[in-house]
Amino acid sequence: MDERLKKLEQLKKLRTAALKDNRKDVHVAHEKSKRNHGQDIKTQKTRREAEILAARADAEDSGVDYERVRAFTYSVESVERYSEKEEAREKRIANVAFSDYTQAAANKYEKLTDALARTIDKKQYSDAKLVASIASEASSTAAVDKNALAYAALDNTPSQQSVAKLVKDVEKQTEVRKTFSKRRAYNPDDDVTYINERNMRFNKKIARAYDKHTEEIKAAFERGTAL
């Protein structure tokens, strides 16, 4: 009997502790919901800027180049990742302007292949790039047999995950293409009542709303013009 009472007391203590923890968590969640997350982000940004300014001022007082000292804190991997991101960013900015459909197709191809390359093993991808670069150098210095299969190998079979990724990507592109609107063919026999494409769309919108009310007036004008 005493053991049961002790067990009951232990359970009561555990229940009381659980209730206290639950109330504390509810209070923390409620206080967090009332906070302005945008203001928190702004405060953190201001704090980082203040820390940078303080470190820069200390470096100037000590007669040390702040940028050089700051560069010592970067690892080689982080610098390489930053350089790759900057190169990709500059490449994207350079390819934003439309030149021709061939360039647009090439940009789309590069984008799709980059997206697929991120799904495979990095070592496998780097090895494939190395083999491709060696093959391109060899082809530039020697004649290439058109029937040769040097670019392929038995161990280059893609994995099931890569095939599934490719199939999913193709299906996604097909669904996206269904939403594209086709440009209407130009009809030279139509009446030209517009000065540009935007004005043409506006006139069509007006026509849909008011043509049914002005059919008689328009017909009367046309009869008068014919006479």
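Nothing here was measured: the structure is a model prediction, and the numbers come from that model.
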Over all atoms of both residues, closest heavy-atom pair of Ser78 and Ser75: OG-O, 2.7 Å

Derivation and outcome, salt bridge (charged side-chain N to carboxylate O under 4.0 Å, His left out), residues Glu175 and Lys178: CA-CA 5 Å; Glu175 292 297 325; Lys178 291 180 180 178; 3.5 Å; yes

Heavy-atom check, side chain of Glu197 versus side chain of Met200, under 4.5 Å: yes

Distance in Å, Glu60 CD paired with Arg56 CZ, rounded so as to fall on 0.5 Å steps: 7.0 Å

Any side-chain heavy-atom pair of Lys205 and Arg208 under 4.5 Å: yes

Value rounded to 0.5 Å, distance of NZ in Lys20 from CZ in Arg23: 8.5 Å

Whether over 12 other heavy atoms sit under 6.0 Å from His213 NE2: yes

Of all pairs that satisfy side chain to side chain donor-acceptor pair (under 3.5 Å), the ones with a partner from residues 41-52, not counting sequence neighbours: none

Shortest non-hydrogen contact between Thr193 and Asn203, atoms and distance: O-ND2, 2.5 Å

Distance, nearest 0.5 Å, that separates CG of Asp211 from NZ of Lys218: 5.5 Å

Thr214 side chain vs Ile217 backbone, donor-acceptor pair below 3.5 Å: no

Sub-4.5 Å side-chain heavy-atom contact between Arg89 and Lys85: no

Residue Gln160 excluded, over 12 heavy atoms near CD under 6.0 Å: no

Any side-chain donor near an acceptor of the partner, Arg198 and Tyr194, under 3.5 Å: no

Remaining members of hydrophobic cluster (4.5 Å side-chain criterion), Val167: Val163

Connected hydrophobic set around Tyr82, excluding itself, where side chains approach under 4.5 Å: none

Short side-chain to backbone donor-acceptor contact, Asn22 and Ala18, under 3.5 Å: yes

Co-membership, hydrophobic cluster, residues Tyr210 and Phe202, 4.5 Å side-chain: yes

Pair Glu9 + Lys13, salt bridge at N-O below 4.0 Å: no

